[in-house]
Structure formats: structure tokens, C-alpha cells
There are 2 protein chains.
Amino acid sequence: MPLKIRKSNAAMGHGAEPWNAFLVGHRSMDLKREAVIKTAAHLFLEHGYQKTSMSLLAARLKITKPALYYYFRNKEEILMECYRSGIAEIESCLNRLSPDAGNGFARLQLYVLEYATVVLTHEFGRCVAMIDDSALSSKTRRGVRDLKRKIDASFRALVAEGMADGSMAICNPKLVSFAIAGAINWAGIWYKPSGELSPEQIAEAFMEILTGGLRSAANRAS
Amino acid sequence: MPLKIRKSNAAMGHGAEPWNAFLVGHRSMDLKREAVIKTAAHLFLEHGYQKTSMSLLAARLKITKPALYYYFRNKEEILMECYRSGIAEIESCLNRLSPDAGNGFARLQLYVLEYATVVLTHEFGRCVAMIDDSALSSKTRRGVRDLKRKIDASFRALVAEGMADGSMAICNPKLVSFAIAGAINWAGIWYKPSGELSPEQIAEAFMEILTGGLRSAANRAS
DNA sequence: ATCATATTCTACCGCGCGGTCAAATTAGTA
DNA sequence: TACTAATTTGACCGCGCGGTAGAATATGAT
């Protein structure tokens, strides 16, 4: 009778190694799918999407490649799920500050702060900013871009709002949105957790640098 | 007697199709190397580095793959040359405005304008901003990063200068440099020449957005 | 124990990649 | 013309990739 790997006590919960979800038998498909995309996100962020092979991903999960294909149709479905989670997280940030946090300018500042924090610290948020979607099939890519566009639209709406209530100088919302998102996304690329600057420090500095030029004269006088 | 492709009248000069450099015989190695990296840059920008195969590059030049290896050791040497040209162009911008174009803040503004223009319009400048160097061997990548670091250092020096002469508010030069370069590099990614905004429009808007928050109070009063 | 189902495995496929080789072709020279 | 050196080529290699087929195994219900 062969040895049997026994179920680990720490197999469930957030702190566990992801591959514990695969240790023995029956746990729900959802748990295993989550374990896969979580591990995949880390690998994608470390080596890039193209250079992360399905075999490596499987190895990290202590399973074999075909098992992956039992849970996902193909490689790009896995990346798509990473995007979906990350974009959902960013959207929830945006909705959270919606109610009433001051004028448009103040809310833009808050959003910059939150967006930067997500992109620097959230494992799936980082995927949205960092991972190039050009490797995807055109159909899947269109789906991703649609989701991204929603974020961009909210961003522009915030800028337009600030201009309408007089708290921001007049400007091109599209370009403002691109400039801010670009600076932050790029930070997602060079930022390494081992560096000397914390995500909070970076987020605060970026907020000041990127929104400092947008305050209206009236808003500045106050 | 087989047909012989005759030398085109337009085979030389800047406006010609790059592959004309290969049409017949003897032209200098340098011309052909230039034709290769120029064509490669366009393909890298269009499809990405990883997805541009040496076979495709050769096909675009109307030669065969092994001929490519007569002029370059390997694929990454070609990308390296693209980087080198782009970085040289950016450095020349920086040197050009060095002498005396006003205080630190004014010169930073000029530099932002020029950097954005190069990254949006110059074929090799775009490579520097857009093409991920993580596909390179670690040795080559170190070379590229050294070159990039020089640009970053100049950038930070400009910021430090502005702080020293009182034209800019106090800030972290490293983060300012990253924020500005990031926003512009990211523009290199989304910008398509077919879009409705011209590089000049983008460059000017970015200059205002990205430097607006850096002006010192004293500088603002004037 | 038995069976049906859910899950995971071993073994494999076709493909296109970066890169190489030795042969063929061309150009320059005399 | 004939010789040499520079250039280009067709044919090929090994590899690792994404993905698959079908057998093997584990699980849960009876």
C-alpha cells in the first residue's frame, strides 16, 4: 500500500500555500481555480506572461500540466481571470470614494492615492497595470480593453466633475487621465517590494506630483 | 541566363524602402546594418519583440534568415542597437538644451517637451520607451539599464537644479523623474499615429500636467 | 464490493522558434 | 578567364511551447 499524502491542517484559508488547495481530493473547483490564478499572477508578475509556461505554473502548484486544463480552457483564460480580479478591485476603489469626499479635485486626489496603492500592492491590480495584453487573441483582448475602458471613463468623469465645480483648472480629461494612469502603471513596472520606498510613500508623492498642476487658481487661493 | 534584379534608383537615401539596401551586391555593411535595425524597430513596435521572429524580419528585408546572422550575432544584438540609437537621440535632446534656457523649472519643462516628442515620434526613441527589455539576457540587459540610468540621472539632476535655484518646490527628484518618465513612456504605448491627437498636442499637454505641480510658490507669483 | 463520476496522470503531438552549416552564388581583381 | 573573398542560400537541428488523448486513480453513494 503506497504512502498517502495527508491533508494539511493549513490547507485552507488565505495564508496557506496555494498548492495546498490541490493536496487531496475533493475541495471545490472554485478554490482550486483561485489557487491557480493566484499562483499564475505571481509568476506573470515575476517573469512576464509569455515567459511563464503552463508547465512551470503546474509545477508550482505541485500538479501536472493536464490537470490545469481540467480547470481552465487555455492559458489566456487564466490571464483573463487575473485581469478581471484586478479590474474589479480597482473599480471597487472608485465606487468606495464615490459618495461625498469633497469637491472633484479632492476626490481625484483620493482616487490617485487608491489607484496607486492597488497597482503597487494588490496582486491582481499589478497584473492590470503591468501585463501586456497584446499576447491575447483579439477576441479576449477586446474583452479586457472593454473592462479597462470603464476605469478610464470613470477617471475622466472625475476630472470633468472637478472642472465643472471649479476646483480644477480646465484641461483635457482624456490626456489627464492617460498621464496619471500612465505614471502609476509605470510605477507598477519598476517598483519592487524589496526597494527602499514603500507603496504608501510612492502613492503620496505621486498624488502630489500628478495632481499639483491641476488645481484651479480659485481652489489654490483658499 | 537568369533575370537579374537591377539596382533601384531609389536604393539609397533616407526615404527609400529599407530592403533596397540589400538589392545588389556591394554596399557597405553599415548601410545594411542600419536597414536591419530600422526595419526591426518598426516590427518590434508593431508586434512586440518576442512576437517578431527573425524569419519575419528577414522576409521584410527580402532576404533569408541566415543572411541576417551574417550582420548580427543574434536577435538581442539587434534590439540592443535599437536601444542604443534611441537613447543616443534622447541624450542629444538633453545636451541640446543644456546651455542656458532659463531656470531649472523652465529647462525641465523644455526637457519634458522634447522627451515626449522623441518618445512619440522617433522610431528608436519609441523603442526605448515601449519595448520590454526583460527578454534580454542578463548581461545585455545590464548594458541597456546602464544607458537608461544615465538618462534618469540627468533627469534627476535637472530637478535638483530647479530646487536649488528656487524655481521648483521641494520634492523627491527620484520620484518626480519616475513619474514624468513613466507618464511619457506609457504614452508611447497607447499612442497611435492614426489617432486624433498629434504628438505636439500630447507633448504640450503633458508638459503642463506633469510640471504644473512642481513650480515653487515664488516662481508662481512672478 | 461495486459502480459511476470526478480528477489527475503518463505519454505524446505539431509547430515555430532562434540559430547553424556547408554549399552555392556573386563581386572584385588580375 | 580564372582565382579569391565576400555574401547569400536551402536545408536542417534541438528545443520548449501550448495543448490533447486516453488510461489510471481516487472519491462518494449504494
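Each chain gets a letter, A, B and so on, in the order the sequences are listed, and its residues count up from 1.
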Distance-only criterion, 3.5 Å: show the donor-acceptor pairs between side-chain atoms of residues 177-187 of chain A and protein atoms not counting sequence neighbours.
residue : atom : partner : partner atom : Å
A/S177  : OG   : A/D152  : OD1          : 2.4
A/N185  : OD1  : A/Y115  : OH           : 2.8
A/N185  : ND2  : A/A181  : O            : 3.3

Given axes from five pairs at either end, by how many degrees does the helix from C/dA1-D/dT30 to C/dA30-D/dT1 bend, rounded to 10°?
0°
Can you name the residues that form a salt bridge (Lys or Arg N to Asp or Glu O under 4.0 Å) with A/E161, not counting sequence neighbours?
A/R107
Partners meeting salt bridge (Lys or Arg N to Asp or Glu O under 4.0 Å) with B/D30 (sequence neighbours left out)
none
Is the phosphate of C/dT8, meaning OP1 or OP2, less than 4.0 Å from a side-chain N or O of A/Y70?
no
Report yes if at least one side-chain N or O of A/K32 is closer than 4.0 Å to OP1 or OP2 of C/dT8; otherwise report no.
yes
Can you tell me the distance, in whole Å, between the [atom1] atom of [X] and the [atom2] atom of [N]?
X	N	atom1	atom2	answer
A/R33	C/dT8	CZ	P	14 Å
A/K62	C/dC9	NZ	P	13 Å
B/L57	C/dG19	CG	P	12 Å
B/L68	C/dT20	CG	P	13 Å
B/M29	D/dA5	CE	C1'	14 Å
B/L61	D/dT7	CG	C1'	15 Å

Regarding B/K174 and the six-membered ring of B/F155, is the cationic atom NZ or CZ under 6.0 Å from the ring centre and inside 45° of its axis?
no
Are any of the side-chain nitrogens in B/R141 or B/E76 under 4.0 Å away from the carboxylate oxygens of its partner?
no
Check ion pair A/E89-A/R84 (N to O, under 4.0 angstrom)
no
Side chain to side chain contact (heavy atoms under 4.5 Å, CB included) assessment of B/H42 paired with B/R60
CA-CA 11 Å; B/H42 283 115; B/R60 286 294 169 93; over 6 Å; no
Taking every heavy atom of B/V159 against every heavy atom of B/C171, the minimum-distance pair comes out as CG1-SG, 3.9 Å
Mind jotting down which residue pairs meet the side chain to side chain donor-acceptor pair (under 3.5 Å) criterion with at least one end in residues 201-210 of chain A? Sequence neighbours excluded, please.
A/S198-A/Q201
Which atoms of nucleotides 17-20 of chain D (N or O only) lie under 3.5 Å from a protein N or O atom, and what are those distances?
residue : atom : partner : partner atom : Å
D/dG18  : OP1  : A/K75   : NZ           : 2.7
D/dG18  : OP2  : A/M54   : N            : 2.9
D/dG18  : N7   : A/K65   : NZ           : 3.0
D/dG19  : OP2  : A/Y69   : OH           : 3.0
D/dG19  : OP2  : A/K75   : N            : 3.0
D/dG19  : N7   : A/K65   : NZ           : 3.0
D/dG19  : O6   : A/K65   : NZ           : 2.7

